[in-house]
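All chains are named by letter (A, B, ...) in the order of the sequence lines, taking the proteins before the strands, and each is independently numbered beginning at 1. Side-chain atoms are counted along with the backbone in the values below, which use heavy atoms only and exclude waters and symmetry mates.
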There are 2 protein chains.
Amino acid sequence: MCTLCVIGNASNDCYAHLVPPHTRVNMADVARRAGVSMATASRALSNHPHVAAETRARVLAAAEQLSYVISPEASRLAGGATDRVAVVVPHIARWFFATLLEGLESVLREADLDVLLYHVGDEADRRDFFQRLPARRKVDAVVVLGMPVRDGERARLELMGVHIVAAGGQVENYPYVSIDDAAAGRQAVDHLIFLGHRRIGMIAAVDPAEPGWPANPGRTRAYEQALADAGLPADPALAVTVPWGGLPGADAMSRLLGLREPPTAVYAHSDEVAFGAIRTLRRAGLRIPGDMSIVGIDDHPMAELAELTTVAQPVRDQGVLAGRVVLALLAGEPTAGGVTVPTRLVIRGSTAPPRR
Amino acid sequence: MCTLCVIGNASNDCYAHLVPPHTRVNMADVARRAGVSMATASRALSNHPHVAAETRARVLAAAEQLSYVISPEASRLAGGATDRVAVVVPHIARWFFATLLEGLESVLREADLDVLLYHVGDEADRRDFFQRLPARRKVDAVVVLGMPVRDGERARLELMGVHIVAAGGQVENYPYVSIDDAAAGRQAVDHLIFLGHRRIGMIAAVDPAEPGWPANPGRTRAYEQALADAGLPADPALAVTVPWGGLPGADAMSRLLGLREPPTAVYAHSDEVAFGAIRTLRRAGLRIPGDMSIVGIDDHPMAELAELTTVAQPVRDQGVLAGRVVLALLAGEPTAGGVTVPTRLVIRGSTAPPRR
DNA sequence: CTGAAATCCGCAAACGGTTCCAAGCCCATC
DNA sequence: GATGGGCTTGGAACCGTTTGCGGATTTCAG
């Protein structure tokens, strides 16, 4: 049955009772109807202790009957929380960030917190965001998704005076949740080494919107380290860095194929980049994994369709965990400094021992 | 130079002057410093007319020096707008919706409007959203992205008393921006027919979160109509409907291949579904387009990498246009009832004349 | 130089809640 | 049977802006 319904309508699609917006009812109306003071009404509605159960019920009933909704502005102004959290993302449309966001939103929504979305893409956006702090005074917490934050920017952020949480990124100054990039990279490269590859290429990706920044350091270091640990020579020509994306990935693979002595396997920093690489191989008439093995990171949904071996990371979960951290912070509970979620190698059809 | 800077710091990375959050300055402080009343300060800050230029400048200067930020709550409470718009999406992480959102966010952000994100996925979410109207009293407008809205739900939405805009979907009751699905479908199917295919399959997709709803009617009708117009027989076995997604797409193609007389070409309602179909074909050892042509709709970024022929729709643009409509509505300008953006066939390597 | 019109500006009343403080009440304890 | 203490409840002071209204000042034609 419709929870707001006055007339006991049994249908869930009861829309009859809701008053039109110009008939704004406020807490005073509710209080009057319940025969209590506003103070009591306020306490009853916001679940404060020290309100007689019977009184609370009466207030709640009155509120329902009037289909009263609290004014968030007034509430906040008078000292309450905003019940809003800002989410800052460098890319909205990329699978990784969108999925992170989806997980985060779900737990925030469940806790009745509103999500304010801030897209901070290129350098201009950053400057604007951290300088103007458009979220200032508007939120109880801010979550930074998959995005490095510079020292100066951190200083600004902190001036907002709210909780800060990081997820899916390389920020460790705040409570964070992310994977261990170095470990993930090792899983990928070690797999290739285990298969017997000795000449392994790497396609590293940098954010096209932030060309100045280095590619993911953990994933890069993992490659170098794995090679070193296996006693394999490090050939700088085998490591190519391109902007993030499928097409650049395709280019990168072209460069690798143009080498006098191309690799027999390639480790890509991300699945999307790997997909591009695959296209180049297919166009070149090369077989995967026969002529070339390739492994990515992420386990993008398309990886399964492309039969791509990859290192899976629980993206949505990271968002969910970040949301829980926010909730804990808001509740004043102590939280662990950071959470690292595990990754795992998913072997599909794109990797095999090198042809001898 | 830093726009907030009091001390004339030439660097853009000047963070020194911002006061910590506990030193909250309010408009009274600004007014005092500028030597005017709060009323004048308010008018100056919100760009009202009838404020002497010199006075305004003085107020603005005072505000800068104190690094004052207006309290949105108080402002709203006293009668201003919320400067927030709710965006309702059925899926956050899918490319189509995320891209729409990205476009929308960019123009809203530019207009200094905040974006409140509401994920309304399955039936339970819908019920909750439309019943509780969690966005009520919180926004100046709501944008519904790529999502049908039932009549009863519309009634609820309208009770919010704010502007409503639809984008990327099949809603025509509000100002909307979308493609012509029927036309897009025709472009895809007509292309196959033009190539000489006479036995054409269709993979229609329904939202897995809303299994009760039909697949996109425009795209379905386009298929039937195109066949009819070309004088081709309509074989019901050739039209299979599956939940949206790559894996279901793969299943669908399996079913099509299991037919006594399989099609020579397949029209998929969306690229993602087509990708799944492609995997099945590849696993079956069939060649594309040699043994089977396939065309999708969307021009997903991956389509280029998969060499998929598809009907491109300007997704981001639809979001941008929807944002402009919101702005116009908020400004009180009259707006056209709806905008239909064009689609175009992008021929890649997945289609060719049937083998004879 | 004068008077009216056009601008500017300040006062104070909302806007819709939250919460401190104190008063009223009931009940158990001494 | 009085006293003390714990729940409940109401009164009222904010929270930080916007804005209608009226007074003050400037502008400009006559």
Side-chain angles (χ1 to χ4, degrees), chain A residues 19 21-60 62-63 66-84 112 114 136-140 161, chain B residues 19 21-60 62-63 66-84 112 114 136-140 161:
Chain A
V19 298
H22 55 269
T23 322
R24 281 289 166 76
V25 336
N26 57 27
M27 194 179 280
D29 298 323
V30 174
R32 197 172 316 121
R33 185 179 187 109
V36 299
S37 73
M38 266 193 58
T40 303
S42 172
R43 280 187 283 254
L45 289 171
S46 44
N47 250 15
H48 270 262
H50 301 313
V51 175
E54 196 270 339
T55 307
R56 184 190 307 279
R58 205 143 31 87
V59 172
L60 261 35
L66 298 174
S67 100
Y68 166 73
V69 271
I70 203 167
S71 156
E73 327 296 338
S75 171
R76 160 67 173 154
L77 182 57
T82 67
D83 287 344
R84 258 171 259 148
D112 249 308
D114 282 315
R136 202 140 81 106
R137 284 189 161 200
K138 295 184 188 166
V139 297
D140 299 330
Chain B
V19 299
H22 56 268
T23 321
R24 280 290 164 75
V25 336
N26 57 25
M27 194 179 280
D29 297 324
V30 174
R32 195 172 317 117
R33 185 178 186 111
V36 299
S37 74
M38 267 193 56
T40 302
S42 171
R43 281 188 277 258
L45 289 170
S46 45
N47 251 15
H48 270 264
H50 300 315
V51 174
E54 195 272 338
T55 308
R56 182 189 308 278
R58 204 143 32 88
V59 172
L60 260 37
L66 298 175
S67 101
Y68 165 73
V69 271
I70 203 168
S71 155
E73 327 295 337
S75 171
R76 160 65 174 157
L77 182 57
T82 66
D83 287 345
R84 257 171 260 147
D112 250 307
D114 281 316
R136 202 142 80 107
R137 284 190 158 198
K138 295 184 189 168
V139 297
D140 299 329

**OP:** Looking only at side-chain atoms of Met27(B), point me to the closest of dG16(C), dT19(C), dT17(D).
**Re:** dT17(D)
Roughly how many Å is it from [atom1] in [X] to [atom2] in [N], rounded to a whole number?
X         : N       : atom1 : atom2 : value
Arg137(A) : dC15(D) : CZ    : P     : 12 Å
Asp29(B)  : dT17(D) : CG    : C1'   : 13 Å
Arg32(A)  : dG16(C) : CZ    : P     : 12 Å
Leu45(A)  : dT18(C) : CG    : C1'   : 12 Å
Leu66(B)  : dG16(D) : CG    : C1'   : 15 Å

Pairwise side-chain contact, [X] with [Y], heavy-atom cut-off 4.5 Å (strictly under):
X        : Y         : value
Val36(B) : Val59(B)  : yes
Ser71(A) : Lys138(B) : no
Ile70(B) : Leu45(B)  : no
Asp29(B) : Arg32(B)  : yes
Arg56(B) : Asn47(B)  : yes

Original post:
Quick one: CG on Asp114(A) to CG on Asp140(A), what's the gap to the nearest 0.5 Å?
Top reply: 10.5 Å
Original post:
Does Thr40(A) have any side chain to side chain donor-acceptor pair (under 3.5 Å) partners at least two apart in sequence or in another chain, and if so, which?
Top reply: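 Per chain and number, Thr40(A) pairs via side chain to side chain donor-acceptor pair (under 3.5 Å) with Ser37(A).
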Subject >> Pairing residues for Arg84(B) by the side chain to side chain donor-acceptor pair (under 3.5 Å) criterion, not counting sequence neighbours >> reply: Glu73(A)
Original post:
Got a sec, which residues hit salt bridge (charged side-chain N to carboxylate O under 4.0 Å, His left out) with Arg58(A), two or more places apart in sequence or on another chain?
Top reply: Glu54(A)
Original post:
So which heavy atom on Met38(B) is nearest to which on Ala28(B), and how close?
Top reply: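 Taking Met38(B) first and Ala28(B) second, the nearest heavy atoms are CG-CA, 3.8 Å.
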Original post:
Through what angle, rounded to 10 degrees, does the axis of the helix from dC1(C)-dG30(D) to dC30(C)-dG1(D) turn between its ends, using five pairs per end?
Top reply: 30°
Original post:
In residues 70-78 of chain B, what residues come within less than 4.0 Å of DNA chain C, judged by heavy atoms?
Top reply: Leu77(B), Ala78(B)
Original post:
How would nucleotides 4-10 of chain C be written as a contact map, 5' to 3', with B for base contact, S for sugar-phosphate-only contact and - for no contact, using protein heavy atoms under 4.0 Å?
Top reply: ----SBB
**OP:** Check for a donor-acceptor pair, side chain of Ser46(B) on one end and backbone N or O of Ser42(B) on the other, with a separation under 3.5 Å.
**Re:** yes
